[in-house]
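Below is one structure, written out as structure tokens; the observations come after it.
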Amino acid sequence: MEVEPVAHSPARAIRRAWLAQRWHDLTFLHWAVPPERVAPLLPAGTRPDTLGGLTYVGLIGFRMVGLGLGRGPGVPYFGTFWETNVRLYSVDGSGRRAVVFRSLDASRLVPVLVAQVSLRLPYKWSAMRLERSGDTLTYRCRRRWPGPAGATSRMTVRVGAPIPDPTPLEHFLTARWGLHTRAYGRTRHLPNWHPRWPLHRAELLHLDDELVTAAGLPAPDGPPVSVLYSPGVPVVFGGPTPVR
């Protein structure tokens, strides 16, 4: 099996858009972990994607804007919400690199229910907000449903200078052109497309998080190895295909 390269832009075009959305004000925190610690948590037909023998756990906070079907306009009200996700990194038998979400906390209940039913994605309904003071951002999350109810996350970062030339690790963690999920007895792959990330350095000022452990992962061992910020990108998803 030949694994696709970590590319700045997706190699596969999205011929027919299934979903369109925009991601704004993203903060990426990542911790390195041995792949054998997370392999049992990935869907059948996938394995941990690694760089230098390690894989990564990500905690990402952002604002979803204008979620809608196809390339049409976003759904009013329900298509815009805050989200915080916990994710892992995967590769399937066709060599497609992707992410696997262990949890996705969102501040609108209807998108949570739709995603749970349609793709069995582990969305959770949560109270969330983002506070901004100059170049400092604080993301807050408290889970409502389903459990563990009351799990919280609070992270504060200071946004720094733009990154003109991301490192191999920064590309590995952000240049992801699909997701893997297990739905109705089959592992599926959903491709996505967006422009190259505009990335910034960021400094983690505070972190008090329960979402990583609530997702069945070990508590982070020390500070994150990577802290990044992006003002955001427009995104298009293609429809799901089975993983063989």
Side-chain angles (χ1 to χ4, degrees), residues 14 16-24 26 28 38 40-46 57-90 92 96 98-130 139-153 176-192 194 209-217 235-243:
I14 304 295
R16 184 175 181 179
W18 199 54
L19 294 170
Q21 55 206 252
R22 299 189 304 278
W23 299 336
H24 290 191
L26 300 97
F28 304 83
V38 301
L41 303 177
L42 298 182
T46 70
V57 173
L59 178 67
I60 294 93
F62 66 102
R63 187 181 187 217
M64 175 82 77
V65 177
L67 171 65
L69 296 175
R71 297 182 186 270
V75 178
Y77 181 75
F78 294 110
T80 297
F81 48 89
W82 299 110
E83 184 170 318
T84 301
N85 62 61
V86 177
R87 73 189 197 186
L88 304 175
Y89 293 84
S90 55
D92 63 27
R96 295 175 297 191
V99 300
V100 170
F101 293 108
R102 291 295 299 168
S103 65
L104 304 100
D105 286 75
S107 60
R108 295 270 190 258
L109 178 57
V110 169
V112 166
L113 297 175
V114 171
Q116 287 180 349
V117 171
S118 61
L119 290 170
R120 294 295 194 232
L121 287 167
Y123 264 92
K124 319 289 183 179
W125 183 36
S126 298
M128 301 179 65
R129 68 181 187 271
L130 170 63
Y139 302 77
R140 299 177 185 269
C141 174
R142 177 177 293 275
R143 185 169 297 168
R144 289 169 163 160
W145 174 89
T152 62
S153 181
R176 293 278 141 175
W177 310 112
L179 70 87
H180 289 125
T181 186
R182 187 77 176 174
Y184 300 102
R186 298 290 299 271
T187 299
R188 303 174 190 275
H189 175 267
L190 275 75
N192 67 43
H194 59 72
D209 176 76
E210 298 173 340
L211 300 183
V212 170
T213 54
L217 293 159
V235 186
V236 174
F237 276 89
T241 58
V243 170

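This structure is a prediction, so every number in the text was calculated from the model and none was measured.
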Atom [atom1] in [X], atom [atom2] in [Y]: separation rounded to 0.5 Å?
X      : Y      : atom1 : atom2 : result
Asn85  : Phe101 : CG    : CZ    : 4.5 Å
Leu190 : Thr181 : CG    : OG1   : 8.0 Å
Ile60  : Leu211 : CD1   : CG    : 11.5 Å
Leu119 : Leu121 : CG    : CG    : 5.0 Å
Met64  : Phe78  : CE    : CZ    : 15.0 Å

Kindly say whether [Y] contributes a backbone atom to a donor-acceptor pair with the side chain of [X] at under 3.5 angstrom?
X      : Y      : value
Glu83  : Ala106 : no
Ser107 : Trp82  : yes
Arg176 : Ala98  : yes
Gln21  : Val235 : no

For side-chain hydrogen bond (donor to acceptor under 3.5 Å, both in side chains), just list the numbers for Arg87 and Tyr89, CA-CA rounded to whole Å, side-chain angles, deciding distance to a tenth of an Å, and then say yes or no. CA-CA 7 Å; Arg87 73 189 197 186; Tyr89 293 84; 2.9 Å; yes
I need the minimum non-hydrogen distance between [X] and [Y], along with the two atoms involved.
X      : Y      : value
Phe81  : Pro111 : CE2-CG, 3.7 Å
Gly147 : Lys124 : O-NZ, 4.1 Å
Leu41  : Gly216 : CD1-O, 3.9 Å
Tyr139 : Leu26  : OH-C, 3.8 Å
His180 : Ser90  : ND1-OG, 2.7 Å
Cys141 : Thr84  : CB-OG1, 4.3 Å

Test side-chain hydrogen bond (donor to acceptor under 3.5 Å, both in side chains) applied to Asp92 and His189, step by step: CA-CA 9 Å; Asp92 63 27; His189 175 267; 5.1 Å; no
Salt bridge (Lys or Arg N to Asp or Glu O under 4.0 Å): pairs with one or both residues in residues 100-116, sequence neighbours excluded: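 Only Asp105-Arg143 qualify under salt bridge (Lys or Arg N to Asp or Glu O under 4.0 Å).
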Mind checking whether [X] and [Y] have side chains closer than 4.5 Å, heavy atoms only?
X      : Y      : answer
Glu210 : Pro148 : no
Phe62  : His24  : no
Val57  : Leu88  : yes
Leu67  : Val75  : no
Arg96  : Trp177 : no

Full working for side chain to side chain contact (heavy atoms under 4.5 Å, CB included) between Val236 and Asn192: CA-CA 5 Å; Val236 174; Asn192 67 43; over 6 Å; no
With a cut-off of 6.0 Å (strictly less than), are more than 12 heavy atoms of other residues, nucleotides or ligands near CZ of Arg144?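 It does: Arg144 CZ has more than 12 such atoms within range.
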Who pairs with Thr187 by side chain to side chain contact (heavy atoms under 4.5 Å, CB included), at least two apart in sequence or on another chain?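 So Thr187 forms a side chain to side chain contact (heavy atoms under 4.5 Å, CB included) with Pro43, Ala44, Thr46, Arg182, Val243.
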